Number of protein chains: 2
Amino acid sequence: MGARFEPVRAVRAYERVVEQVEEAIESGALGPGARLPSERELMVQFSVGRSTVREALRVLQARGLVRSRPGDPNGAEVLPFSPAALHKSMTTLARVAELSLAELVQFRMVLDSSAVLLAARLRTEEQVAEMEAAIAGMRAALASDHDAFSAADVAFHDVIVAAGGNKLIQVCTDVVRSVVLDLIAGKIADAPDRGSLMRRSIRHHEEVLAAVREGDGAAAARLLRRSMYDYYAVHLPDAERSALRALLE
Amino acid sequence: MGARFEPVRAVRAYERVVEQVEEAIESGALGPGARLPSERELMVQFSVGRSTVREALRVLQARGLVRSRPGDPNGAEVLPFSPAALHKSMTTLARVAELSLAELVQFRMVLDSSAVLLAARLRTEEQVAEMEAAIAGMRAALASDHDAFSAADVAFHDVIVAAGGNKLIQVCTDVVRSVVLDLIAGKIADAPDRGSLMRRSIRHHEEVLAAVREGDGAAAARLLRRSMYDYYAVHLPDAERSALRALLE
DNA sequence: CTACATTTGTCCGTATGTATT
DNA sequence: GAATACATACGGACAAATGTA
């Protein structure tokens, strides 16, 4: 095999700055809360112009790694990880790829049900108590406002996913859930007969919890998929529902 | 309910430029291949300075929406959607959240097995033929180089996931797969006894394909999970393997 | 609470290398 | 090859914002 040369892409000055700072942050050399040098200091250290430094900081900010405020004498702040950048790219994907609501819900059914499958094995007693508390919160919010109900619902799923023990699943469900909620914002609050919908949702959650308590992961996963289908199906056109039913066996 | 005022975050000039261009692209007003006005033209239209325009373009470029080259008289080019930005955020997540290889593989097991579950129902005859071709490619690459084998393996999974019909699952498996491959690059090529590993992998793929052909999604999913476990387990410490076995029932 | 020094946000002018015509 | 228009990068300038004495 002859030597294979790769094309030398012209790498911009600001990209080299981004790479170095990124490496420092991702390697842990700069932890959350740490401060970068001021822009003028950075232009000396990297020996580039100020606009180059600024463009690099913009990119780092867009990736959610740092935040800079005007007038702050301490320089840009290194942020703790946030799924904001992931959320942004996924929202973009949803718009330009014209993801259907069904695809998003299907994705949630897959991830959440897998998480509960794992949670049924790994959950602690404390987590079970948290799940109970979340369901109690849903019941309490039945009469009052929908926001509280939704929050308790989210809390339940958060505990489940956390108990599953996979951080990647955790982040992805979080992101996709908020994308879904953005899409159907408003639709839920004035859904027809939402009282009975909420009561049925609570019953489903109780069944899932019971299965988790018994350690029956397969049953818990099946119940959770059905619960999610029931909850979102009313917002879907008939054609899209069938794709979801394929997951209900 | 009283009026709820939200804090007015100071929105930077470049952010408003980003928002407007982003909206134009995501709404489809500017499709892939379209050209943005030149930087000087943009500073007139938005009535902002040059650096403001440039910072906005850098952010848009970081999000994978546009690309600008020096000297191009046509201005920045609107790009077709690419998962590059998603890939970037997920790589960052993997590093700062210290995702284990096991978590990544577990994620793939979940998504790929769900995709094959759907594919068993939705696949066309043409897709079945493509899967066969991919397996043939794996067999052909057995003796020669490992790259060709890996490529054929990827092709098989790509057809499976495409046949599943969920674009979100498709993009996510694609992203996570490349993250995994980056992590274990080199490890595979010089794995002990990789010949028998490859032969076993081919046999597993054939079993999955048979199940897909028969429309037995549950069996196909189970086989695929086991196949993936077998393939990656050798690269995992014992402690991490058990979490994966939880998905093998 | 008021100054003060420093920093960021933004704008402008200029030089250089590059791609298209 | 030459001309033109462009992006890249530099450096200076000023206002607004911020932390501190």
Side-chain angles (χ1 to χ4, degrees), chain A residues 5-22 24-25 30 32-79 84, chain B residues 6-22 24-25 30 32-79 82 84:
Chain A
F5 297 111
E6 295 200 349
V8 198
R9 70 189 169 100
V11 55
R12 318 264 197 274
Y14 83 92
E15 288 185 60
R16 285 195 294 266
V17 176
V18 167
E19 282 171 15
Q20 286 197 45
V21 179
E22 205 167 28
I25 294 177
L30 287 172
R35 296 308 186 108
L36 263 49
S38 72
E39 292 182 359
R40 285 172 182 79
E41 180 64 29
L42 286 173
M43 55 185 280
V44 174
Q45 292 193 24
F46 290 105
S47 55
V48 294
R50 190 150 100 98
S51 29
T52 302
V53 169
R54 292 186 54 73
E55 288 173 22
L57 287 177
R58 290 292 163 237
V59 173
L60 291 168
Q61 188 158 349
R63 293 194 184 152
L65 294 176
V66 306
R67 174 188 57 177
S68 56
R69 290 175 310 165
D72 192 333
N74 294 321
E77 180 185 2
V78 177
L79 297 176
Chain B
E6 295 200 350
V8 203
R9 72 191 165 100
V11 55
R12 318 264 193 273
Y14 83 93
E15 289 187 59
R16 286 195 293 267
V17 176
V18 168
E19 282 171 15
Q20 286 196 46
V21 179
E22 205 168 26
I25 293 177
L30 287 171
R35 297 307 185 110
L36 262 49
S38 74
E39 292 183 358
R40 288 168 183 81
E41 180 63 29
L42 286 174
M43 54 185 279
V44 174
Q45 291 193 25
F46 289 106
S47 55
V48 295
R50 187 81 191 283
S51 29
T52 302
V53 169
R54 306 201 83 248
E55 288 174 23
L57 286 178
R58 289 284 110 102
V59 173
L60 291 168
Q61 188 159 347
R63 293 193 184 152
L65 294 176
V66 306
R67 176 187 56 178
S68 54
R69 291 174 309 164
D72 192 334
N74 293 321
E77 180 184 3
V78 178
L79 297 176
S82 133

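All of these numbers come straight from a predicted model, not from anything done at the bench. Here is how names work: the chains are called A, B, and so on, in the same order as the sequence lines, proteins then strands, and each is numbered from 1.
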Might you list the N or O atoms of the protein lying below 3.5 Å from N or O atoms in nucleotides 11-14 of chain C, with each pair's distance?
unit_1 : atom_1 : unit_2  : atom_2 : d
C/dC11 : OP1    : B/Gly49 : N      : 3.1
C/dC11 : OP2    : B/Gly49 : N      : 2.5
C/dC11 : OP2    : B/Thr52 : OG1    : 2.3
C/dC11 : O5'    : B/Gly49 : N      : 3.2

Query raised in the report: Atom CD of B/Glu41 and atom P of D/dT4: how far apart are they, to the nearest Å?
Result: 20 Å
Query raised in the report: Can you check the B/Glu15 CD to C/dG9 C1' distance for me, whole Å?
Result: 12 Å
Query raised in the report: Salt-bridged, A/Glu22 to A/Arg63, with N to O below 4.0 Å?
Result: yes
Query raised in the report: What does B/Arg58 touch in the nucleic acid at a heavy-atom separation under 4.0 angstrom: a base, only the sugar-phosphate, or nothing?
Result: sugar-phosphate
Query raised in the report: Between A/Phe46 (CZ) and D/dC10 (C1'), how many Å, whole number?
Result: 17 Å
Report task. Work out which heavy atom in B/Arg12 is nearest to a heavy atom in A/Ser68; give both atom names and the distance. Result -> NH2-O, 3.3 Å
Requested in this report: Indicate the atoms forming the closest heavy-atom contact of A/Glu77 with A/Arg67, along with that distance.
Outcome: OE1-NH2, 2.6 Å
Query raised in the report: With a non-hydrogen cut-off below 4.0 angstrom, is A/Arg35 in contact with a base, only sugar-phosphate, or nothing?
Result: nothing
Query raised in the report: Can you name the nearest heavy-atom pair linking A/Leu57 to A/Val66, along with the distance?
Result: O-CG2, 4.2 Å
Query raised in the report: Could you give the CG-to-C1' distance, from B/Leu42 to D/dA5, as a whole number of Å?
Result: 15 Å
Report summary line: Between A/Ala62 and B/Val59, the two heavy atoms sitting closest are CB-CG1, 3.9 Å
**Report entry** Between CG on residue B/Leu60 and CD on residue B/Glu55, distance to nearest 0.5 Å
**Finding:** 12.0 Å
Report task. Would you sort out whether A/Val78 and A/Leu36 count as a side-chain contact (heavy atoms from CB on, under 4.5 Å), showing the intermediate values? Result -> CA-CA 7 Å; A/Val78 177; A/Leu36 263 49; 3.6 Å; yes
Query raised in the report: So, is A/Arg54 near the phosphate of C/dG9, with a side-chain N or O under 4.0 Å from OP1 or OP2?
Result: yes
Requested in this report: Quick one: label A/Glu39 by what it contacts on the DNA or RNA (base, sugar-phosphate, nothing), any heavy atom closer than 4.0 Å.
Outcome: sugar-phosphate
Report task. Rounded to the nearest angstrom, tell me the gap between atom CZ in A/Arg67 and atom P in C/dT7. Result -> 18 Å
All N/O pairs under 3.5 Å across the protein-nucleotides 19-21 of chain C interface:
none

Would you tabulate the side-chain donor-acceptor contacts of residues 43-52 of chain B under 3.5 Å, counting partners in other chains and residues two or more places apart, or write 'none'?
unit_1  : atom_1 : unit_2  : atom_2 : d
B/Gln45 : NE2    : B/Glu41 : OE2    : 3.3
B/Arg50 : NE     : B/Glu39 : OE1    : 3.0
B/Arg50 : NH2    : B/Glu39 : OE1    : 2.7

Query raised in the report: Among D/dA7, C/dT10, D/dA9, which is the nearest nucleotide to the side chain of A/Tyr14?
Result: D/dA9
Requested in this report: Check for a donor-acceptor pair, side chain of B/Arg35 on one end and backbone N or O of B/Gly75 on the other, with a separation under 3.5 Å.
Outcome: yes
Requested in this report: Whole angstrom is fine here: how far is it from CD in A/Glu77 over to C1' in C/dT7?
Outcome: 15 Å
